[in-house]
**Student:** 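Structure incoming, see below.
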Amino acid sequence: MEEKKRLLLIDGNSVAFRAFFALHQSLERFVNHDGLHTNAIYGFKTMLDNIIENVEPTHILVAFDAGKKTFRNTKYSDYKGGRAKTPTELSEQFPYVKKMLEAYGMKHYELKNYEADDIIGTLAYQGETQGFETTIVTGDRDLTQLATKKTTVAVTQKGVTEVENYTPEHVKEKYGLTPAQIIDMKGLVGDSSDNYPGVAKVGEKTAVKLIKQFESIEGIYENIDALKKSKMKEHLVEDKEKAFMCKDLARIRCDIPLKVTLDDIEWTGIDEKALVDFFHEMDFKRFLEKMKMDDEPSQKVIQNINFDVLSQEKLDQIDFSGNKEISFYLEMLGENYHTAPLVGFVLNIGAKYYVARDTKLLKHLKLRKLLEDENIAVDVFDGKRTFVGLDRLGIHLTAVRFDLLLVSYLLDTSDNSNDLGKLAQLHNYTQVLEDEQVYGKGSKLKIPENDTEYYGHLCNKARTIKKLRNSMMKKLSDNHQEELYYNIERPLSIVLAEMEIDGITVDTRRLEEMGSEFKERISEIKETIYQEAGEKFNLNSPKQLGVILFEKMKLPVIKKTKTGYSTAVSVLEKLRGMAPIIDNILKYRQIAKIQSTYVEGLLKVTFKKDSKVHTRYTQTLTSTGRLSSVDPNLQNIPIRLAEGKKIRQAFIPQEKEWQIFSSDYSQIELRVLAHISRDANMRAAFSEGQDIHANTAMNIFELDSPTEVTSNMRRQAKAVNFGIVYGISDYGLAQNIGITRKQAKEFIEKYFQVFPGVKEYMERIVSSAREKGYVETLFKRRRYLPDISSRNYNIRSFAERTAMNTPIQGSAADIIKVAMINMQKMLKEKKLKAKMLLQVHDELIFEAPNEEITVLEKFVPKVMDAAVSLDIPLKVESSYGKTWFDAK
DNA sequence: TGGTTCACG
DNA sequence: ACGTACGTGAACCAA
């Protein structure tokens, strides 16, 4: 995708004048410690910040007038004659305006004999031919003559921050003329501030009428004889020479000899330090504070809430009936809500806040009823967490209405903090602290003993939930994301909670067996490596390993990292055969990984009481809409290599005679791509049930029949397909399948040639992302991509690939989420014993009694298939066995 | 705490 | 010429 270049040209004198007079009434308030007036500087600065934010320029130049006399004076000696002298309060500020521009990293320029306008005109013209989008900022309407399709003239309004944008359309609206005709108008009307006369008695109205009729001054005089006899005609004839001269004076030059080029004025960003120094010099304390504030937010002032501390006795007396909505927050000390101590709760009903440390009180019938009644709407922060926490008390949270955490994530998947205080801030609500500020972190994590502090914080949380509900639900509806919330994410949070509570059984004896076997092999390999290296060292340290390989053994350095030599697999593979140690290191790494992460790691998190692992799915983390899994991560259990795959033998059903059943979507992301890109070729391949990678191979290698596809071709084609989904680059593809960049580039070109619909999609989604600032999935999940207009190539390219990938990966995530909700519903309706236990992005894993297997084989694919109706069929494959390993 | 490596889709 | 594949989590080292 081509880089977008945005040129910003500022009429320095004109903006400074505007700024000076806009703040003229408070002139004496803007004086620094040296007695320098600073109002124009201040105004100029405000304008700059504003325009930078709006335009995001890649190139900037601020043009100034060089002096009083210009070439226009040789044409007309009275040009700009009789002007009042620039007030010294203003002229003394010019050197500082320029100094400020330098701190901003912006070039400024002036040229003897020419006005700022001519510099701007010339650069704007050059920008036009080089594909820039140009914005011109000025206080002078005459510059609107420069407006074109790609050049906008922003004329400052009363203040300096407000501008009126003149596009050719807007010029037409405003004057009824094209930008080029502005000078014809000036020629007829003249300009009192520049002190040139035009044609006597002709004002704007008459001028516009004439130009509309005859197109230009030239046109008027060519047809002057046809005009009816009138006073106006007489004046026209009389002032003909003046008209032409004034037009020439008004015409901004676009071809003057400049010593700067567009390349010279690329903007490299603000010099923070210089700017801070400059603000100190100017006594701009507010700006300094603001710059500091960006680093460390100031302490907030939080209003107190009156609360009642609940007890068994009090509860007996309180009457909660008649309430239809509550805000509720259950506090647990620690992230893992399966195990974290339940340390308190807060309940908001109407204007009342109730708190307690003793969560057993929640079992009191009056409180239980509030949480379990399907007619009482419960507003919460993190419904899944709350559901699991309450489940531990034997309470079944039933009617979650507003889930602040979930809604915040849906509004913008980048807002993936899970702290209530942080998220509240993002939504402009500041009356609550972050948990870390109240509870501390790490080893210091604890609930305050002080009741006022602790209960106050709990109440603030409940109040935050209540206060933010309306505005956030409004935003959700503005984004058309209600369905996503009500039909997908909110019900899913409960489905996930149930899966997490169920957990999956781990055969710890099997794991331990494997562990001791791996241990032995690890120490054997270790010994061999030490012998080959000639010394003992820490094999787990890439740094020490690097020294051995690249310094002691003098192996060639393939790749470097920030901190030293890279010893990653891709590097070691290239060194294979050069020394036997390499193979051993690779083997060591492989086994050590399995041992530490999967054998030992898994044993550590297996619950003693039920011999199960209870993962937590993070529903509000990924920027694409996928789930992730922690504590333990059950979405990255080994499968690709035989050794690691054995780990799956340790995942077993909870009953002896049960089975592990698994169904997965086949190539769901490519199918989603075929659907959203509507590429005919790709859709046909799927509709006909072809092997998509082989089909791609046939296409890009120009084969006539599937029999000609070799396994290597298919492998390469598969990599191309993956690359496409990731937002392809020749470099990445080359890296992945070990071909040259040139070859990779040819593959990609060929691919786009045979799948033109895909190419169009890629272009469309990137330009739409640039226009809207975000991309969406099939179910309107939204990801903002502010970097899509970055001036940094790497950052921008990354955003572009993200724009291509997110709708694909995210829509696939949407689809399986729908399937999970329907699946859980079906299991309940059919009263099956089978449990849905895991989700691994495109696959669902169940445990079930033998006799239910045939039911699952029939219905799971059916439900998954029916989750969404695309232009092309989805495909689901199932399998089962005694362990997860055998369900393949 | 950040960097590196490696497990998965 | 630029220098990357998209999305994750956990273990480990080094500071």
Side-chain angles (χ1 to χ4, degrees), chain A residues 3 413 416 441-442 537-546 559-572 585-586 588-602 604-605 615-618 621-641 643-645 647-648 664-670 673 719-737 741 744 748 775 783 791-810 812-813 816 838-844:
Chain A
E3 178 183 2
T413 53
N416 56 7
K441 61 171 172 177
F537 63 98
N538 186 346
L539 248 174
N540 290 326
S541 160
K543 197 181 169 193
Q544 293 182 35
L545 179 61
K559 206 172 108 190
K560 286 204 155 200
T561 64
K562 275 184 204 166
T563 50
Y565 313 109
S566 168
T567 66
V569 167
S570 62
V571 171
L572 295 183
I585 292 166
L586 285 167
Y588 171 85
R589 282 254 179 94
Q590 200 193 115
I591 312 271
K593 170 88 178 179
I594 300 169
Q595 176 72 352
S596 70
T597 305
Y598 297 104
V599 177
E600 288 168 3
L602 226 36
K604 252 185 266 172
V605 293
T615 187
R616 276 143 43 229
Y617 289 101
T618 45
L621 181 137
T622 72
S623 27
T624 54
R626 272 190 175 183
L627 300 176
S628 90
S629 156
V630 292
D631 239 17
N633 179 358
L634 293 178
Q635 292 181 318
N636 71 345
I637 302 301
I639 190 166
R640 291 172 190 168
L641 299 172
E643 239 112 8
K645 190 170 177 179
I647 292 292
R648 293 182 174 225
D664 67 283
Y665 283 111
S666 163
Q667 279 123 19
I668 188 166
E669 292 191 347
L670 285 172
L673 174 59
V720 173
N721 280 333
F722 271 98
I724 293 293
V725 169
Y726 295 156
I728 199 145
S729 75
D730 50 11
Y731 184 93
L733 180 64
Q735 193 92 112
N736 193 295
I737 51 177
R741 250 177 92 166
I748 295 166
V775 289
R783 179 178 187 177
R791 283 171 289 114
N792 179 309
Y793 174 88
N794 280 325
I795 293 174
R796 186 178 59 253
S797 300
F798 185 51
E800 286 171 355
R801 291 196 296 273
T802 310
M804 301 183 228
N805 173 262
T806 295
I808 303 172
Q809 191 182 116
I816 197 166
L838 304 175
Q839 186 251 45
V840 191
H841 308 308
D842 61 357
E843 105 185 276
L844 296 177

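Model, not experiment: these values are computed from the prediction. Side chains are part of it too, since the values below use all heavy atoms of this structure and drop only hydrogens, waters and symmetry mates.
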**Student:** Taking all non-hydrogen atoms of both residues, which atom of A/Phe537 and which atom of A/Gln544 are closest, and how far apart?
**Tutor:**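 Closest approach of A/Phe537 to A/Gln544: CB-OE1, 3.6 Å.
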**Student:** Can you see if the side chain of A/Asn538 gets near the phosphate of C/dC13 - specifically, an N or O under 4.0 Å from OP1 or OP2?
**Tutor:**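 Checking C/dC13 against A/Asn538, a side-chain N or O does come within under 4.0 Å of OP1 or OP2.
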**Student:** For a quick check of understanding: with a heavy-atom distance under 4.0 Å over all strands, which category does A/Gln544 fall into, base, sugar-phosphate or nothing?
**Tutor:**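 Counting heavy atoms under 4.0 Å across all strands, the contact made by A/Gln544 is with sugar-phosphate only.
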**Student:** Do A/Thr561 and A/Ser566 pass the side-chain hydrogen bond (donor to acceptor under 3.5 Å, both in side chains) test, and can you show the C-alpha distance, the side-chain angles, and the key distance before you say yes or no?
**Tutor:** CA-CA 6 Å; A/Thr561 64; A/Ser566 168; over 6 Å; no
**Student:** When you check every protein heavy atom under 4.0 Å of nucleotides 5-10 of chain C, what one-letter string (B, S, -) results, 5' to 3'?
**Tutor:** BBBSBS
**Student:** Taking all non-hydrogen atoms of both residues into account, name the closest pair between A/Ser729 and A/Ile748 and its distance.
**Tutor:**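 Shortest heavy-atom contact: C-CD1, 3.8 Å.
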**Student:** Looking across every strand, which nucleic acid part, if any, lies under 4.0 Å from A/Arg640 by heavy atom: base, sugar-phosphate, or nothing?
**Tutor:**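 Here A/Arg640 touches the bases of the nucleic acid.
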**Student:** Could you report the tightest heavy-atom contact between A/Tyr617 and A/Leu838, atom names first, then the distance?
**Tutor:**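 Heavy atoms only, the tightest pair is OH-CA, 3.2 Å.
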**Student:** List for me each residue that meets side chain to side chain donor-acceptor pair (under 3.5 Å) alongside A/Thr615, sequence neighbours excluded, and say none if there are none.
**Tutor:**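 Testing A/Thr615 for side chain to side chain donor-acceptor pair (under 3.5 Å), a comparison that skips the adjacent residues, returns A/Ser629.
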**Student:** Between C/dA1 atom C1' and A/Asn792 atom CG, what is the distance in whole Å?
**Tutor:**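 That distance rounds to 14 Å.
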**Student:** Please report the closest heavy-atom contact between A/Thr806 and A/Ser623, naming both atoms and the distance.
**Tutor:**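 So the minimum-distance heavy-atom pair works out to CG2-O, 4.3 Å.
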**Student:** Sequence neighbours left out, what pairs pass salt bridge (Lys or Arg N to Asp or Glu O under 4.0 Å) with at least one residue falling in residues 591-601 of chain A?
**Tutor:**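 Listed once each, the pairs would be none.
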**Student:** Does A/Asp842 have any salt bridge (charged side-chain N to carboxylate O under 4.0 Å, His left out) partners at least two apart in sequence or in another chain, and if so, which?
**Tutor:**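 With neighbours one apart ignored, the set is empty.
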**Student:** Between which nucleotides of DNA chain B, 5' to 3', does chain A make heavy-atom contacts below 4.0 Å?
**Tutor:**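 First and last nucleotides in contact are B/dT1 to B/dG9.
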**Student:** Would you kindly give the CZ-to-P distance between A/Phe537 and C/dA14, to the nearest whole Å?
**Tutor:**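 Between P of C/dA14 and CZ of A/Phe537: 12 Å.
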**Student:** Between A/Gln635 and A/Gln839, is a side-chain contact (heavy atoms from CB on, under 4.5 Å) present by the stated rule, with each step listed?
**Tutor:** CA-CA 7 Å; A/Gln635 292 181 318; A/Gln839 186 251 45; 3.0 Å; yes
**Student:** Measure CZ/A/Arg589 against C1'/C/dA11 and give the value in whole Å, please.
**Tutor:**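 Rounded to the whole Å, the gap is 12 Å.
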**Student:** If I pick the C1' atom on C/dC2 and the same atom on B/dC6, what distance separates them, to the nearest angstrom?
**Tutor:**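 Each nucleotide's C1' atom is 29 Å from the other's.
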**Student:** Reading DNA chain C 5' to 3', what string of ( ), [ ], | and . shows its pairs, if Watson-Crick and G-U wobble pairs count only when both distances fall under 3.5 Å?
**Tutor:** .....|||||||||.
**Student:** A/Tyr665 versus A/Leu844: any side-chain heavy-atom pair under 4.5 Å?
**Tutor:**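 A side-chain contact is absent here, since even the closest heavy-atom pair is not under 4.5 Å.
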**Student:** Which value, in whole Å, describes the distance between the C1' atoms of nucleotides B/dA7 and C/dG3?
**Tutor:**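 Rounded to whole Å, the distance is 26 Å.
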**Student:** Heavy atoms only: give me the nearest A/Asn416-A/Leu621 pair and the separation to one decimal.
**Tutor:**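 Minimum heavy-atom contact is ND2-O, 2.9 Å.
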